[in-house]
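Inspection log for the structure reproduced underneath, given as structure tokens.
When reading the values below, keep in mind they use all heavy atoms of this one structure, side chains included, and skip hydrogens, waters and symmetry mates.
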Amino acid sequence: MLLKLPVEILLEIIQCLPFTSLRTLPSLSKSWATFMGTNEPSIYHDISRQYGYANPDTAPPSEGWKAWFMHKLHVELRWMGKIPGNSYRFELPGEPRSVYKIKVDEEAGYVINTFTGGGLTVSDIHNHRILWALDKEYCEPLSRCEYDKGYIVFSRRSDGFKEVWRRRADVLGIPEDAWPSELDNKPDEHMLKARLVVEDLYLDDSRMGDLEHLRGQFIPWARLLIPEDIDDGHTFKLNRGTLLAFNAEKVFLYDIEKAELQQTVEVTPVGNVRYVDVSEQHVFILSPMQLSVYDRVSGLHVLSIPSGRLPWDFYASPENQWRRTEETFNHGELGFRRAVPQTWAHREDYFDAVHVSSCGKHLAIMAMSNRVIIIQDFWRLVGPSKIMLKQIAKQIDFYVQRPSLPTETETCLAYDCGKVAIFGALGIYVLVLDSILDQLGDIDLPSKDPSLRNLMRPSEHEQSWPNLRLRKVIFYDLQVSRGDILSCLQLSKTKLYLSVISVDPLNERSDNMWCYDFASPPRFTPAKAPWEWGGYYARDLSVYPHPGPYAFDT
């Protein structure tokens with residue numbers, strides 16, 4: 001009967017069906033098989049738009065809309081740990097160098113690196129060839145690098161300036177007299193000489209109109225001298241077109257395109273600042289004692305989240321922690337109680353890092369005890385509100401035993417594209433905060449823990465991230481010794497990058513950068529393949545894994 005309806009109406013009805021039901025329609029009858037085959041491009045285009053994989057202006061993919069959507073689906077399954085991805089060492093050509101920092105532009109197709117011995121490179125994300133580079137005499141050793149939408153920013157320790165380099169392809173057609181106009185912020189002779197050197201190596205004047213040739217190449221855009229003395233030249237952040245630089249009492253916000261100071265915010269941090277971040281609405285200043293949030297419009301301090309002594313009162317019961325039995329081999333059974341175990345009654349904790357989501361609504365905080373606290377819609381805590389922090393937050397404790405990191409090294413936390421990555425002594429983990437898979441119906445996801453369904457919750461409690469999942473990421477050739485520390489951890493839409501360096505210069509390695517690709521299957525299968533399939537559900541207020549050697553094994 002349905003097939004007698006007009007095609008347009010029938011297609012609208014199909015859009016309301018779960019994806020799993022959609023896949024079974026061709027098996028109902030020859031008529032349904034014919035209808036689905038005839039209208040397949042339109043059906044999968046609509047599904048791709050419905051789940052945010054495409055928009056009305058997206059050009060039809062060469063492989064077809066169905067193959068496009070199924071590829072996106074497989075990427076999600078790999079993020080969930082349901083099928084394996086591709087782990088490999090990211091090897092750069094040329095002289096051996098130890099990677100220090102990593103920035104990724106997956107859409108443009110390149111990776112930016114700085115090195116422990118100095119230098120900066122932009123390399124192709126696929127074949128790793130060098131597209132553009134600054135030599136080690138120009139870019140100092142252990143340089144922190146920030147990148148956002150075609151802009152690279154790094155510090156010059158010799159004079160305190162921040163150098164801004166812009167992607168060459170983005171300035172085609174923009175006359176140089178329309179570049180940053182403030183005389184003090186224009187590129188200096190030091191930057192212009194470096195431009196001539198790199199153009200001689202990487203630019204072919206006859207191919208100036210070839211965007212592929214210009215891909216990954218940068219030119220000097222601005223030189224910023226941050227007002228007043230900066231206590232820590234590493235305390236700066238570039239995010240969504242805004243460069244934040246911090247000193248002991250003030251935050252300076254720059255429009256990176258105009259290279260102009262837009263706003264100064266007076267702050268009062270509690271203790272030494274460990275990390276800063278910025279969104280379109282807020283400034284985040286994190287010290288060991290608390291996270292302070294400032295409103296960018298008013299400049300006022302609007303929220304404080306203290307670390308202190310166990311500020312959250314939801315913890316896993318030690319009597320019912322993660323267990324490995326026949327019944328729970330593929331899923332950790334969790335039990336909770338709303339009380340602090342006596343052995344932790346005097347444990348103090350301190351904050352180490354904070355990241356804000358790209359939408360500016362959510363936060364991920366890492367404590368020095370290696371608890372990770374994720375807060376959904378933190379803005380609901382600002383001003384008069386009946387919402388309590390514990391109602392919109394989850395915490396995960398990884399029992400990581402890592403050495404104290406120098407202030408210039410990256411923390412073991414990354415947050416992007418709805419994923420949080422954590423580097424710990426027991427491995428590398430990814431928290432999937434919310435997944436499209438939960439909207440598609442039953443497609444063989446990890447089973448839900450029935451013991452949590454009956455857990456009593458306060459009536460006013462709105463569960464945050466009800467579909468939160470945790471999975472372990474395995475790098476089969478990653479070997480970390482006791483003297484090694486993580487120097488960088490980065491996430492993109494389909495990849496996870498990390499670099500590990502030795503604190504002992506005699507043990508410094510040049511093969512210290514790895515990538516886990518969630519968009520492609522493994523290139524080889526080890527003799528014993530401990531695939532990380534299965535994943536975990538975190539269905540309520542917290543996840544507290546057992547500190548034993550099997551805490552996250554699936």
Query - Arg167: partners by salt bridge (Lys or Arg N to Asp or Glu O under 4.0 Å), with sequence neighbours left out - result: Asp105, Asp170
Query raised in the report: Ignoring hydrogens and geometry, is there a side-chain-to-backbone donor-acceptor pair from Tyr147 to Gly150 under 3.5 Å?
Result: yes
**Report entry** Main-chain N/O of Val500 paired to Asn512 side chain as donor or acceptor, under 3.5 Å
**Finding:** yes
Query raised in the report: So, Glu163 versus Tyr138: side-chain donor-acceptor pair below 3.5 Å or not?
Result: yes
Query raised in the report: For the side chain of Gln490 and the backbone of Val104, is there at least one donor-acceptor N/O pair under 3.5 Å apart?
Result: no
Query raised in the report: So which pairs with a foot in residues 254-271 pass salt bridge (charged side-chain N to carboxylate O under 4.0 Å, His left out), sequence neighbours left out?
Result: none
Atom pairs and distances, donor-acceptor, side-chain atoms in residues 276-295, under 3.5 Å, two or more places apart:
unit_1	atom_1	unit_2	atom_2	d
Asp277	OD2	Val356	N	3.1
Ser279	OG	Gln281	N	3.3
Ser279	OG	His282	N	3.0
Glu280	OE2	Arg240	NE	3.3
Glu280	OE2	Arg240	NH2	3.4
Ser287	OG	Val270	O	2.3
Ser287	OG	Gln290	O	3.3
Gln290	NE2	Ser292	OG	2.8
Gln290	NE2	Ser304	OG	3.4
Tyr294	OH	Thr268	N	2.9
Asp295	OD2	Val297	N	2.9
Asp295	OD2	Ser298	N	2.8
Asp295	OD2	Ser298	OG	3.3

Query raised in the report: With no hydrogens and no angle check, is any side-chain donor or acceptor of Arg78 less than 3.5 Å from a backbone partner on Thr494?
Result: no
**Report entry** Residue pairs, two or more places apart or on separate chains, that pass salt bridge (charged side-chain N to carboxylate O under 4.0 Å, His left out) and touch residues 107-120
**Finding:** Glu107-Lys493
**Report entry** Phe351 six-ring face occupied by Arg274 cation (under 6.0 Å, within 45°)
**Finding:** no
Query raised in the report: Sequence neighbours excluded, which residues qualify as salt bridge (Lys or Arg N to Asp or Glu O under 4.0 Å) partners of Arg166?
Result: none
Report summary line: Those residues at least two apart in sequence (or on a different chain) that pass side-chain contact (heavy atoms from CB on, under 4.5 Å) with Pro180 are Trp221, Ala222, Ala259
Query - Contacts of Lys495 that satisfy side-chain contact (heavy atoms from CB on, under 4.5 Å) - sequence neighbours left out - result: Tyr88, Glu106, Ile125, Ser492, Tyr497, Cys515, Asp517
Query - Partners meeting side-chain hydrogen bond (donor to acceptor under 3.5 Å, both in side chains) with Asp148 (sequence neighbours left out) - result: none
Report summary line: The side chain to side chain contact (heavy atoms under 4.5 Å, CB included) partner of Tyr254 among Leu238, Thr242, Leu243 is Leu243
Query - Residues which pass side-chain hydrogen bond (donor to acceptor under 3.5 Å, both in side chains) with Thr114, listed by chain and number, not counting sequence neighbours - result: none
Requested in this report: Applying side-chain hydrogen bond (donor to acceptor under 3.5 Å, both in side chains), name anything that partners Gln262, two or more places apart in sequence or on another chain.
Outcome: none
Query raised in the report: What heavy-atom pair brings Gly85 and Tyr516 nearest, and what distance separates the two atoms?
Result: N-OH, 2.8 Å
Query raised in the report: Mind checking what makes side-chain contact (heavy atoms from CB on, under 4.5 Å) contact with Gln217, not counting sequence neighbours?
Result: Trp132, Arg168, Tyr202, Leu203, His213
Requested in this report: Mind checking salt bridge (Lys or Arg N to Asp or Glu O under 4.0 Å) for Arg223 and listing every partner two or more places apart, or none if nothing turns up?
Outcome: Asp188
Report task. Quick one: do Leu92 and Val99 satisfy side-chain contact (heavy atoms from CB on, under 4.5 Å)? Show the steps, please. Result -> CA-CA 9 Å; Leu92 293 170; Val99 171; 4.3 Å; yes
**Report entry** Worked check of side-chain contact (heavy atoms from CB on, under 4.5 Å) between Val153 and Leu224
**Finding:** CA-CA 10 Å; Val153 181; Leu224 303 177; over 6 Å; no
